[in-house]
Amino acid sequence: MPDTNNKVKFGLSNVHVAKITEQDGEITYGTPFAMPGAVALSADPEGETTPFYADNIQYYVAVSNNGYTGELELAMAVKEFLTQILGQQEDTNGALFESSDDVNARFALMGEIEGDVKKRRFVYYDCTATRPSSEMNTIEDTKEPQTDTIEITMSPRATDHVIKAVIEPNDTNKDVYNTFFTKVYEKDAQASV
C-alpha cells in the first residue's frame with residue numbers, strides 16, 4: 001500500500017487574498033482574489049517561552065502563540081492588493097496614487113504548497129501588510145526579473161484566536177478542497193458553489 005502522507009514540501013502557488021471587514025466585533029471576508037507570481041512565503045513564529053522554576057527544576061513552561069511574521073515575495077503586487085488592501089487610489093486613467101493618508105486593510109492570506117504525494121492548502125485568517133519593497137535595475141546581459149517583497153504579520157483572529165488552517169485532499173473533503181479558493185475556509189465548512 002503506497003504512503004499517502006507527504007514526506008517533503010516544496011513549491012508555492014495559488015496565493016489569494018480576501019479583505020477583512022469588521023463590524024460590531026464580527027469579521028467577514030470579501031471574495032478572494034489571486035496574487036499570481038508567488039516566489040516565496042516565509043512565516044516565522046511570534047511568541048515567548050516563559051519557564052517557571054520550582055523544586056530546583058524547570059517546573060512549568062508557558063508558551064505563547066502570537067502568530068507569525070514573514071515576507072511574501074511576488075513577481076509584482078497586483079492592483080487589487082494595492083487598492084483593496086493598501087488603500088491606494090486609482091484615477092479615471094488607471095493611474096495608482098499612493099498617499100501618506102492611505103489606510104491599510106486586514107486580510108486573509110491563502111495559498112498552496114506542493115508535496116511529494118499531495119498538495120496542501122492553507123489560510124492565515126488575520127493579516128496585515130506593509131507596502132511592497134521592490135528593486136529596479138538596468139538590463140545587463142540577461143533580463144532578470146525583479147520582485148516585490150511584502151512584509152506580513154499573521155495574527156490570531158480576535159473573535160476566536162485562530163491563526164491558520166491547513167487542509168490536504170482526501171476521499172471525504174474533495175469538494176471542499178476543490179473550492180478552497182472561492183471563499184475563506186472556516187472550520188467544518190461545506191463546499192462552496
Side-chain angles (χ1 to χ4, degrees), residues 1-22 26-49 61-75 77-78 80-81 84-85 105-130 147-193:
M1 178 180 227
D3 190 358
T4 59
N5 295 315
N6 285 331
K7 293 180 180 147
V8 294
K9 60 184 176 182
F10 51 86
L12 172 66
S13 63
N14 279 325
V15 172
H16 285 67
V17 165
K19 182 179 177 180
I20 288 177
T21 302
E22 186 170 4
E26 293 290 321
I27 290 176
T28 56
Y29 295 95
T31 302
F33 59 86
M35 295 272 284
V39 176
L41 174 65
S42 66
D44 299 317
E46 290 291 320
E48 291 185 6
T49 301
V61 177
V63 179
S64 64
N65 184 343
N66 295 327
Y68 300 86
T69 56
E71 292 182 344
L72 174 62
E73 184 181 358
L74 300 160
V78 296
E80 291 88 351
F81 186 82
Q84 290 184 39
I85 305 304
R106 293 169 24 231
F107 59 95
L109 177 66
M110 306 161 73
E112 182 174 275
I113 303 166
E114 294 201 31
D116 57 306
V117 177
K118 51 185 137 181
K119 295 178 182 181
R120 174 182 288 179
R121 293 181 174 173
F122 64 85
V123 55
Y124 291 95
Y125 286 101
D126 197 338
C127 302
T128 54
T130 63
T147 59
D148 287 349
T149 301
I150 301 165
E151 291 183 25
I152 297 180
T153 301
M154 303 98 154
S155 301
R157 187 166 55 183
T159 55
D160 58 6
H161 303 173
V162 171
I163 299 167
K164 73 175 182 176
V166 178
I167 189 171
E168 291 180 350
N170 62 39
D171 292 338
T172 60
N173 73 6
K174 283 181 186 174
D175 291 338
V176 170
Y177 182 85
N178 290 337
T179 60
F180 187 82
F181 296 111
T182 60
K183 69 178 184 179
V184 174
Y185 178 81
E186 294 289 356
K187 188 175 183 179
D188 299 322
Q190 300 298 311
S192 321
V193 181

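Values below: all heavy atoms of this structure, side chains included; hydrogens, waters and symmetry mates excluded.
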Please round to the nearest 0.5 Å and tell me the distance separating atom OG1 of Thr21 and atom OH of Tyr29.
10.5 Å
For the residue pair Leu12 and Ala40, what are the closest heavy atoms and their distance?
CD2-C, 3.6 Å
So, taking the atom named CD in Glu80 and the one named CE in Met35, what distance separates them when rounded to the nearest 0.5 Å?
9.0 Å
Closer than 3.5 angstrom, by distance alone: can the side chain of Tyr68 be matched with the main-chain N or O of Ile152 as a donor-acceptor pair?
no
Which pair of non-hydrogen atoms, one from Ile167 and one from Tyr177, has the smallest distance, and what is that distance?
O-CE1, 3.8 Å
Once you round to the nearest 0.5 Å, how far does SG of Cys127 lie from CD1 of Ile20?
7.0 Å
Determine which pairs satisfy side-chain hydrogen bond (donor to acceptor under 3.5 Å, both in side chains) with at least one residue from residues 147-156, sequence neighbours left out, and list them in order.
Glu73-Thr147
Residues Leu74 and Val39: closest non-hydrogen pair is C-CG2, 4.2 Å
Cationic tip of Arg121 above Phe181 ring, under 6.0 Å, 45° of axis
no
When every non-hydrogen atom of Pro156 is compared with those of Asn65, the smallest separation belongs to CG-O, 4.0 Å
Side-chain donor/acceptor of Tyr185 to backbone N/O of Met110, under 3.5 Å:
no
Interatomic spacing from NZ in Lys19 to CZ in Phe81 - rounded to 0.5 Å:
12.0 Å
Which is it for Arg106 and Ile27 under the side chain to side chain contact (heavy atoms under 4.5 Å, CB included) test, yes or no, and what are the steps along the way?
CA-CA 10 Å; Arg106 293 169 24 231; Ile27 290 176; 3.6 Å; yes
Would you say that Val123 contacts Leu109 through its side chain, given a criterion of any heavy-atom pair below 4.5 Å between the two side chains?
no
Go through the steps to decide whether Phe10 and Ile113 satisfy the test side chain to side chain contact (heavy atoms under 4.5 Å, CB included), and finish with yes or no.
CA-CA 6 Å; Phe10 51 86; Ile113 303 166; over 6 Å; no
Student check: side-chain heavy atoms of Met154 and Tyr125 closer than 4.5 Å
no
Strictly distance-based, threshold 3.5 Å: is any side-chain N or O of Asn170 a donor or acceptor partner for the main-chain N or O of Asn173?
yes
Any donor-acceptor N/O pair, His16 side chain to Asn14 backbone, under 3.5 Å
yes
Taking all non-hydrogen atoms of both residues into account, name the closest pair between Gly30 and Ala18 and its distance.
O-CB, 3.4 Å
Using a strict 4.0 Å threshold on nitrogen-to-oxygen distance, state whether Glu186 and Arg157 make a salt bridge.
yes
Between atom CD of Glu168 and atom NZ of Lys119, what is the distance when rounded to the nearest 0.5 Å?
13.0 Å
Nearest 0.5 Å please: distance from the CD1 atom of Ile163 over to the CG atom of Asp126.
10.0 Å
Does Asn178 use its side chain to pair, donor to acceptor, with the backbone of Asp175 at less than 3.5 Å?
no
Could you list all the side-chain hydrogen bond (donor to acceptor under 3.5 Å, both in side chains) pairs where at least one residue sits in residues 36-49, not counting sequence neighbours?
Glu46-Thr69
